[in-house]
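These notes are about the structure you will find just below.
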Amino acid sequence: MTDKFDKAPAGSPAGQVSVSKGATTAPENIKAIPVRHVGRWISGIVVIGLLVALGYAFSQGNIQWQAVGDKLFDKNVVAGAGRTLLISVLAMVLGVILGVILAVMRLSKNPVTSWVAWLYIWFFRGTPVYVQLLLWFNLALIFPVLNIPFIYKDEMTDVMTPFMCALLGLALNEAAYMAEICRAGIQSVDEGQTEASHALGMTQAKTMRRVVLPQALRVIIPPTGNEFINMLKTSSLVYAVTYNELLRSTSQIGSTSYAVMEMLFVASIWYIVMTSVFSVGQYYLERRYARGSLRSLPLTPLQRIKVNLASFSNRPSGGVSA
């Protein structure tokens, strides 16, 4: 007995009907098998092993961890952290103000002001901060008396207090770096902006203040945040001029209690906390100034967590359908 075949041509309606009947069958679900990354697992296990070994080594060391917890919020330590924050903020503010002035001088068409600004930047970027602090601290050796005719006269040792030495040493050094950051930000603004402002009758100073600098802030802000975080750590160098900041406060406690390493751990914890807090602030400040340059801002860490949790909860239990 022979089977019956559909003799209708492929292009006939009958053929089309047979195809459409076959297409009604739902395809099977595709089971997606993830690619195995053996190297990732091996490297992850190696890193975890090294961290465990490091933690075990510190746990077996002769460290009085109870002293770290007891002295973490000691009044002298907290006061030292406050002085570190104070000297960092003041030095950064002076450094930014002087850096803007130096950047404008550097870009000036006046050869005298441009050369002076270049010489200042060359000197302070070419010498270590530690050396500059010692120069201010020992200034009385070459200028015993500070004499400004008809204005001020006093002993240099009374003028150059540890606070003043720390402030001048940090601020003047920071101004050299901020001058280059501000110069790069100013040069990032299109020259057509300046030409248009001059065509409207605005002076050079007014153009710089109202047109160029506001646009340059988008380039200046991110590295300025990095400079401030670096300033928090660099402020530990004022230990050399006997300014009683965080490192000096913890070192004094460590020398009297014989817990030298423990107090260094305390100082490190405070530095990490302060830099972490200001790093978060810098991140959101950069997002604010990036609104005009990016079409869509990247997700914040909190938003990424919410998106990942939402995608994980909405993930289907079966395979991936075709």
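Note that these values count all heavy atoms, side chains included, but never hydrogens, waters or copies made by symmetry.
- Within a 6.0 Å radius of CZ in R209, more than 12 heavy atoms belonging to other residues, nucleotides or ligands are found.
- Taking a 6.0 Å sphere around OH of Y152, one finds it holds more than 12 heavy atoms contributed by other residues, nucleotides or ligands.
- Atom CE of M92 is separated from atom CG of L170 by 11.0 Å, given to the nearest 0.5 angstrom.
- Residues W270 and T275 have side chains not in contact (no heavy-atom distance under 4.5 Å, counting atoms from C-beta outward).
- Between the side chain of T84 and the backbone N or O of L246 there is at least one donor-acceptor pair closer than 3.5 Å.
- Within the 3.5 Å criterion, the main-chain N or O of G254 finds no donor-acceptor partner in the side chain of E262.
- Between I121 and Y177, the closest side-chain pair of non-hydrogen atoms is not below 4.5 Å.
- Here Y243 contributes atom OH and C165 contributes atom SG; the two are 12.0 Å apart, rounded to the nearest 0.5 Å.
- Between F124 and Y120, the angle of the ring planes lies from 30° to 60°, which puts this pair in the tilted group.
- Contact between I253 and S257 at its shortest, heavy atoms only, is O-OG, 2.6 Å.
- A 4.5 Å side-chain heavy-atom check between F137 and L133 finds every atom pair outside the cut-off.
- Separation of atoms CG (L167) and CG (L172) is listed at 8.0 Å; rounding is to 0.5 Å.
- Residues T207 and T203 are not in side-chain contact: their nearest non-hydrogen atoms beyond the backbone lie 4.5 Å or more apart.
- Listed by chain and number, the residues in a ring-ring contact (aromatic ring centres under 6.0 Å, His included) with F265 are W65 (sequence neighbours excluded).
- Side chains of K75 and V78 form no contact here, defined as non-hydrogen atoms less than 4.5 Å apart.
- Classification of R248 and E245 as a salt-bridged pair fails, no side-chain N sitting under 4.0 Å from a carboxylate O.
- Between the R183 side chain and the L107 main chain, no donor and acceptor come within less than 3.5 Å of each other.
- Inter-residue side-chain proximity for R106 and E180 is flagged as met; some heavy-atom pair is nearer than 4.5 Å.
- For the pair L264 and L247, the minimum side-chain heavy-atom distance is below 4.5 Å.
- For Y271, the OH atom is densely surrounded, since the number of other residues' heavy atoms within 6.0 Å is greater than 12.
- Taking OG1 from T250 and CG from L72, the interatomic distance works out to 11.0 Å, rounded to the nearest 0.5 Å.
- The closest donor-acceptor contact from the side chain of Q282 to the backbone of P222 lies under 3.5 Å.
- Atom OG of residue S235 and atom CG of residue L90 lie 12.0 Å apart, to the nearest 0.5 angstrom.
- Side-chain N or O atoms of N230 include none that pairs as donor or acceptor with a backbone N or O of N226 at under 3.5 Å.
- Side chain of Q215 to backbone of V211: a donor-acceptor contact under 3.5 angstrom is found.
- In terms of modelled atom types and a separation under 3.5 Å, the side chain of S276 and the main chain of I272 share a donor-acceptor contact.
- Of all heavy-atom pairs spanning L134 and N138, the tightest one is O-ND2, 2.8 Å.
- Side-chain atoms of S249 and N76 form no donor-acceptor pair, as typed in the model, at a separation below 3.5 Å.
- When side chains are defined from C-beta on, M160 counts as touching L168, because their heavy atoms get closer than 4.5 Å.
- No side-chain donor-acceptor contact under 3.5 Å links E155 to the backbone of V145.
- Residue Q66 places its CD atom among 12 or fewer non-hydrogen atoms of other residues, nucleotides or ligands, all under 6.0 Å distant.
- Heavy atoms only, all atoms of each residue included: A175 and L102 are closest at O-CD1, 4.1 Å.
- Looking at T256, its side chain does come within 3.5 Å of a backbone N or O of Q252 through a donor-acceptor pair.
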